[in-house]
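Remarks on the structure that follows.
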There are 2 protein chains.
Amino acid sequence: MVQTKFAGSILNFKPEDIIPAVSTDCIIFGLDDGKLKVLLLKRNIEPSLGLWALPGGFVLNFEELEMSAKRTLHDTTGMTNVFMEQVQAFGQVDRFPWRRVITIAFYALIKYRTDDLRAGPDASDIHWFDISDLPELVFDHKHILNVTLQHLQSKVRSEPIGFELLPPKFTLTQLQELYEAVLRTTFDTRNFRKKLLKMNLLEQLNETQTGVAHRAARLYRFNPGIYQKLKEKGFTFEL
Amino acid sequence: MVQTKFAGSILNFKPEDIIPAVSTDCIIFGLDDGKLKVLLLKRNIEPSLGLWALPGGFVLNFEELEMSAKRTLHDTTGMTNVFMEQVQAFGQVDRFPWRRVITIAFYALIKYRTDDLRAGPDASDIHWFDISDLPELVFDHKHILNVTLQHLQSKVRSEPIGFELLPPKFTLTQLQELYEAVLRTTFDTRNFRKKLLKMNLLEQLNETQTGVAHRAARLYRFNPGIYQKLKEKGFTFEL
DNA sequence: CCAAAAGTGTTTTATATACACCCATGG
DNA sequence: CCATGGGTGTATATAAAACACTTTTGG
């Protein structure tokens with residue numbers, strides 16, 4: 001694979017660099033105050049200038065798909081070090097107005113943050129939207145988001161990926177709020193804690209929360225190594 | 001959408017008809033004698049002439065992705081009326097030797113049959129292979145097959161799609177064998193029957209098997225309408 | 001009458017659910 | 001000392017697992 005540089009606006013690419021008709025789009029989920037959010041850009045380019053859209057862009061020749069998603073995310077939002085997973089391709093003939101473009105959706109669960117966000121040259125604004133209070137989206141991006149949300153919900157129940165949304169050290173309440181936000185439900189606190197602790201995936205730390213005006217909660221850490229070992233022995237995460 | 005005619009060999013398409021670099025591949029699963037099989041073609045064209053491959057071909061302009069999968073399946077195998085679902089895209093830069101080709105995998109579960117199979121002009125042979133006894137496959141098709149198999153296994157546990165593999169009227173033993181083959185496990189007969197019947201998805205018919213040299217089994221039918229209704233009420237199929 | 005698969009219930013064990021109060025801390 | 005969220009256990013209900021024999025049919 002040829003290393004792709006982060007190149008900014010799509011206007012900087014020569015036509016021969018771009019695989020015609022194939023793009024990647026990024027669905028970036030974050031959790032803020034118990035609410036599931038998704039990162040959107042206000043388009044600064046035609047078509048549909050001024051409307052909100054998922055971050056994304058064309059795939060370059062010699063660029064792996066996942067790398068393309070990472071690069072376009074960086075080019076449009078400034079975000080780095082986001083590990084994304086493919087959802088599926090979306091290829092409706094008329095999904096893009098000017099010509100046929102097949103897009104491949106990638107999603108990520110990340111810690112909610114606004115500090116390293118800066119809209120790239122193709123966007124005039126960038127914003128985390130509550131998943132249940134979305135603006136109008138361009139093209140088929142609403143559809144892509146819905147499919148991805150379902151994908152996320154099914155994934156989050158069968159694999160311990162939810163931890164990606166939390167800081168390395170987190171409280172059980174944070175964890176519960178995460179699952180409640182993503183799955184749009186509520187859990188009984190005692191039962192939730194029992195279930196998760198019985199899995200033995202969480203390391204209890206000798207540390208507690210600081211800076212809270214009430215009893216400080218104990219911190220836990222997710223241990224991917226333990227998960228790997230358990231998985232090899234036939235364990236499956238199920239929420 | 002423009003209706004696409006079934007056109008046979010890819011050599012019949014003009015270059016401007018074909019979306020460069022995007023293809024669909026079909027993973028067709030069938031069940032024969034309690035064994036999960038997959039349909040493969042022996043390539044009659046370069047590259048990799050003579051090797052086994054998944055049915056597939058290039059996506060045409062103005063052709064929906066799913067339609068492309070259906071059409072290429074028909075062109076290469078003669079099969080019609082196969083409903084396929086997307087797995088994901090595969091786009092490794094070097095997956096295809098001559099140029100970059102991104103492929104989108106679709107899979108189907110169908111009744112095992114050999115009668116309407118006839119290799120198209122791009123294949124010299126067509127064959128159902130046992131999933132645990134596969135030949136060498138071209139390109140990344142082995143990888144695509146593995147990913148799809150996992151996809152199938154996870155899908156089949158959470159949605160009643162397994163019934164696609166059976167004739168409309170089937171016995172509970174056939175159903176159990178199906179799940180055992182797909183999930184590569186065994187179930188206790190009494191528990192399996194109890195579980196499935198309790199879901200109320202199966203209509204018991206007043207008919208039995210014929211032509212067997214032992215007690216004839218009762219026939220059942222899957223009722224998708226009932227499933228829809230139950231699903232709306234919050235029921236989820238879980239095996 | 002025999003071979004071959006169909007069909008059937010109960011007990012035990014494990015998991016899921018429901019539910020309410022005291023604890024620790026910072027302000 | 002009080003407001004705020006942290007943390008805990010038990011009883012009940014439901015679901016999963018284990019297990020073996022009788023029935024029906026065609027040949």
Side-chain angles (χ1 to χ4, degrees), chain A residues 31-35 156-158 160 166-167 169-181 183 185-221 230 233-239, chain B residues 31-35 156-158 160 166-167 169-181 183 185-221 230 233-239:
Chain A
L31 196 75
D32 176 35
D33 190 27
K35 291 194 174 82
V156 96
R157 256 182 263 117
S158 64
L166 296 174
K169 300 172 182 180
F170 51 84
T171 71
L172 292 180
T173 302
Q174 285 177 298
L175 188 62
Q176 184 177 344
E177 284 172 349
L178 182 165
Y179 278 103
E180 290 180 340
L183 297 175
T185 181
T186 55
F187 294 102
D188 177 273
T189 309
R190 282 175 285 193
N191 295 337
F192 181 84
R193 293 161 99 96
K194 237 182 298 175
K195 189 161 180 175
L196 270 139
L197 291 175
K198 197 157 63 168
M199 291 183 189
N200 289 315
L201 293 173
L202 302 182
E203 278 179 74
Q204 192 180 71
L205 303 174
N206 288 322
E207 290 177 68
T208 52
Q209 262 181 326
T210 53
V212 287
H214 53 77
R215 176 174 178 178
R218 179 152 240 143
L219 293 173
Y220 290 80
R221 183 160 53 192
L230 285 173
K233 287 176 189 159
F235 166 84
T236 51
F237 183 90
E238 277 295 334
L239 202 82
Chain B
L31 196 74
D32 176 36
D33 190 26
K35 289 193 175 83
V156 97
R157 256 182 262 119
S158 63
L166 297 174
K169 299 173 183 181
F170 51 84
T171 71
L172 292 179
T173 302
Q174 285 177 298
L175 188 62
Q176 182 176 344
E177 283 171 349
L178 182 166
Y179 278 103
E180 289 180 340
L183 297 174
T185 181
T186 55
F187 294 101
D188 176 272
T189 308
R190 281 174 286 193
N191 294 338
F192 181 85
R193 293 162 100 96
K194 237 182 298 175
K195 189 162 181 174
L196 271 139
L197 291 176
K198 196 157 62 169
M199 292 183 189
N200 289 317
L201 294 173
L202 302 182
E203 278 180 75
Q204 192 180 73
L205 303 175
N206 287 324
E207 292 177 65
T208 53
Q209 264 180 324
T210 52
V212 287
H214 53 76
R215 177 175 178 177
R218 176 152 242 144
L219 293 173
Y220 290 80
R221 182 160 54 191
L230 286 173
K233 288 177 191 161
F235 167 83
T236 52
F237 182 88
E238 276 295 335
L239 205 83

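Computed from a predicted structure; not experimentally measured. These values consider heavy atoms only, across backbone and side chains, with no hydrogens, waters or symmetry-generated copies. Just so we're on the same page: letters track the sequence lines, and every chain starts at 1.
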Nucleotide dA6(C), atom P - distance to CG of L175(B) in whole Å: 13 Å

For atom CG of D188(A) and atom C1' of dA18(C), their distance in whole Å: 7 Å

Rounded to whole Å, CE of M199(B) lies from P of dT14(D) at a distance of 18 Å

If you assign H214(A) and T189(B) each to the DNA chain D nucleotide with the nearest heavy atom, which residue ends up on the more 5' nucleotide? H214(A)

Under 4.0 Å between any heavy atoms, over every strand shown, what does T171(A) touch: base, sugar-phosphate, or nothing? Just pick one. nothing

Which whole-number value in Å describes the distance from L219(A) CG to dG7(D) C1'? 14 Å

Compile the donor-acceptor pairs under 3.5 Å between side chains in residues 189-202 of chain A and protein atoms, sequence neighbours left out, one pair per line.
from    : atom 1 : to      : atom 2 : distance (Å)
N191(A) : OD1    : K194(A) : NZ     : 3.2
N191(A) : ND2    : D188(A) : OD1    : 3.4

Which whole-number value in Å describes the distance from F187(A) CZ to dG7(D) P? 18 Å

Rounded interatomic separation in angstrom, taking CG from L172(B) and P from dG7(C): 7 Å

R215(B) CZ to dC21(D) P: how many Å, rounded? 18 Å

Nearest heavy-atom approach of Q174(B) to K169(B) is OE1-O, 4.5 Å

G211(A) or K194(A): which one's nearest nucleotide on DNA chain C is closer to the 5' end? K194(A)

State whether T173(B) places a side-chain N or O below 4.0 Å from either non-bridging phosphate oxygen (OP1 or OP2) of dA6(C). yes

Salt bridge check, E238(A) against R157(A): does any charged N sit closer than 4.0 Å to a carboxylate O? no

Reading DNA chain C from 5' onward, which residue's closest nucleotide shows up sooner: N191(A) or R193(B)? R193(B)

Test of understanding: with salt bridge (Lys or Arg N to Asp or Glu O under 4.0 Å), list the residues that count as partners of E203(A), not counting sequence neighbours. R221(A)

Apply side-chain contact (heavy atoms from CB on, under 4.5 Å) to L219(A) and T208(A), showing your working. CA-CA 5 Å; L219(A) 293 173; T208(A) 52; 5.6 Å; no

With a 3.5 Å cut-off and heavy atoms only, can you find an N or O donor on one side and an acceptor on the other between the side chain of R190(A) and the base of dA20(C)? yes

When rounded to whole Å, the CD to C1' distance for the pair Q174(A) and dG5(D) reads 13 Å

